[in-house]
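Notes follow once the structure below has been shown.
Letters A, B, ... are given to chains in the order of the sequence lines, protein chains preceding strands, and every chain is numbered from 1. Below, each value reflects all heavy atoms present in this structure, side chains not excepted, and no hydrogens, waters or symmetry copies.
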Number of protein chains: 2
Amino acid sequence: MAVHMLDEMDVKILAILQQDCTRPVAEIGKEVGLSTTPCWRRIQKLEELGVIKRRVAVLDPQKVNAGVTVFISIKTDKHSLAWLERFHAAVAEFPEVVEFYRMSGDVDYLLRVAVPDIAAYDVFYKKLITEVEIAKVSSAFAMEEIKHTTALPLTFARPASEKRRGS
Amino acid sequence: MAVHMLDEMDVKILAILQQDCTRPVAEIGKEVGLSTTPCWRRIQKLEELGVIKRRVAVLDPQKVNAGVTVFISIKTDKHSLAWLERFHAAVAEFPEVVEFYRMSGDVDYLLRVAVPDIAAYDVFYKKLITEVEIAKVSSAFAMEEIKHTTALPLTFARPASEKRRGS
DNA sequence: CGTGAAAAGTTGGCTTG
DNA sequence: CAAGCCAACTTTTCACG
């Protein structure tokens, strides 16, 4: 699953695209020191390789009535594969569930849920525990979103052949 | 902070754009039953209103070497405003920190961190506790990312004037 | 809201270091 | 093989009815 080999140029391009994918290729090219075509071809390749998964609009949660963020920790006692699969599918179905992880440690699952308000959360919560029976649930509300970015940290992974050359 | 009034049409458009913002306006228009210009004008307005905050490329975490997700819970004992501000700013600075919330309940802060591997997490962790002194920290690793979307649930908030008309 | 045309950007063939 | 040039094509954007 490692990087299929991204060079510094790719990383620069990705950094820009993670910030704003509407910028014209020519402009991006200029910024990274490339003319349009080679820059465009790199972007194509990054898309083919699946490094760029998609391009999406990011909405303001407040303004679309999804401003309340709740983290739900779940412990379960069932561990059969069949149960797991149904559980995963059922939870992932809810559009309110925007993130859903299986965790190590004392909590089995962690979900982040986006809802309009506390009342809506209560409704969601009831739907959830009706649909899937789970041993222990606990909710924690976010009071303030201090940072929330879709931009992943881009560490430049030096190709193996340059391992010993240092930085 | 409420919605500045989105109708069903806006919601349809936003749903599409949250999924894929590269689709031509004409095509989106066709899908929602609108011709190019009015569809375009709606998108413009949604951008002006800040409902659409930005358009970004979503990358594959594995493929850019940021495939390990860790949640860090922090409790603090300091509560002066000055400390808070410095703390927020310092933590938000780290590119590895992709989400950062002030929470209610027994944990004060929750962060989601994206790193290449466990070793890199350790490096990050040390940087973090060096930079900001915090009372209690605990880390939980995500073993599996079952769902992770940037698409918020779009509940159609009916305008006040239609309150009593039902669905 | 629809039409239509100019401006902007994308895409890909062809050439060159 | 990777970069640059250039021209056809697609999409955006906007004035006007």
Next item on the list: Could you tell me the separation between the CD1 atom of A:Ile43 and the C1' atom of C:dT11, rounded to a whole number of Å?
Entry: 12 Å

Notebook entry, point to check: Looking at A:Arg42, does any N or O in its side chain come under 4.0 Å of the phosphate oxygens OP1/OP2 on D:dA3?
Noted result: yes

Notebook entry, point to check: In whole angstrom, what separates A:Gln44's CD from D:dC1's P?
Noted result: 18 Å

Item checked: Gap between atoms CZ and C1', on A:Arg41 and D:dC5 respectively (whole Å) -> 11 Å

For residues 27-37 of chain B, which side-chain N or O atoms pair as donor and acceptor with protein atoms under 3.5 Å away, sequence neighbours left out?
{"from": "B:Glu27", "atom 1": "OE2", "to": "B:Arg23", "atom 2": "NE", "distance (Å)": "3.0"}
{"from": "B:Glu27", "atom 1": "OE2", "to": "B:Arg23", "atom 2": "NH2", "distance (Å)": "3.2"}
{"from": "B:Glu31", "atom 1": "OE1", "to": "B:Arg23", "atom 2": "NH1", "distance (Å)": "3.3"}
{"from": "B:Glu31", "atom 1": "OE1", "to": "B:Arg23", "atom 2": "NH2", "distance (Å)": "2.6"}

Contacts under 3.5 angstrom, residues 135-144 of chain B side chains, donor-acceptor by atom type, not counting sequence neighbours:
{"from": "B:Ser139", "atom 1": "OG", "to": "B:Tyr121", "atom 2": "OH", "distance (Å)": "2.6"}
{"from": "B:Glu144", "atom 1": "OE1", "to": "A:Arg102", "atom 2": "NE", "distance (Å)": "2.8"}
{"from": "B:Glu144", "atom 1": "OE1", "to": "A:Arg102", "atom 2": "NH2", "distance (Å)": "3.2"}

Check: Given B:Asp20 and A:Arg54, is the salt bridge (charged side-chain N to carboxylate O under 4.0 Å, His left out) satisfied, shown in steps?
Finding: CA-CA 7 Å; B:Asp20 178 1; A:Arg54 56 205 337 198; over 6 Å; no

Next item on the list: State, yes or no, whether a side-chain contact exists between B:Arg55 and B:Glu47 at a heavy-atom distance under 4.5 Å.
Entry: yes

Next item on the list: Provide the full list of salt bridge (Lys or Arg N to Asp or Glu O under 4.0 Å) pairs with a residue in residues 71-83 of chain A, sequence neighbours left out, each pair given once.
Entry: A:Lys78-A:Glu133

Checklist line | Residues touching DNA chain C, which here means a heavy atom under 4.0 Å, drawn from residues 17-31 of chain A | finding: A:Pro24, A:Val25

Next item on the list: Would you jot down, in residue-number order, the residues of residues 33-40 of chain A having a non-hydrogen atom under 4.0 Å from DNA chain D?
Entry: A:Leu34, A:Ser35, A:Thr37, A:Pro38

Check: When hydrophobic residues are tied together by side-chain contacts of less than 4.5 Å, even through go-betweens, does B:Val70 share a cluster with A:Leu111?
Finding: no

Check: Where does the angle between the aromatic ring planes of A:Tyr109 and A:Phe100 fall among parallel (under 30°), tilted (30 to 60°) and perpendicular (over 60°)?
Finding: tilted

Check: If you group Ile, Leu, Val, Met, Phe, Trp and Tyr whenever their side-chain heavy atoms sit less than 4.5 Å apart, what else falls in with A:Val58?
Finding: A:Val56, B:Val56, B:Val58

Check: In whole angstrom, what separates A:Lys45's NZ from C:dT10's C1'?
Finding: 19 Å

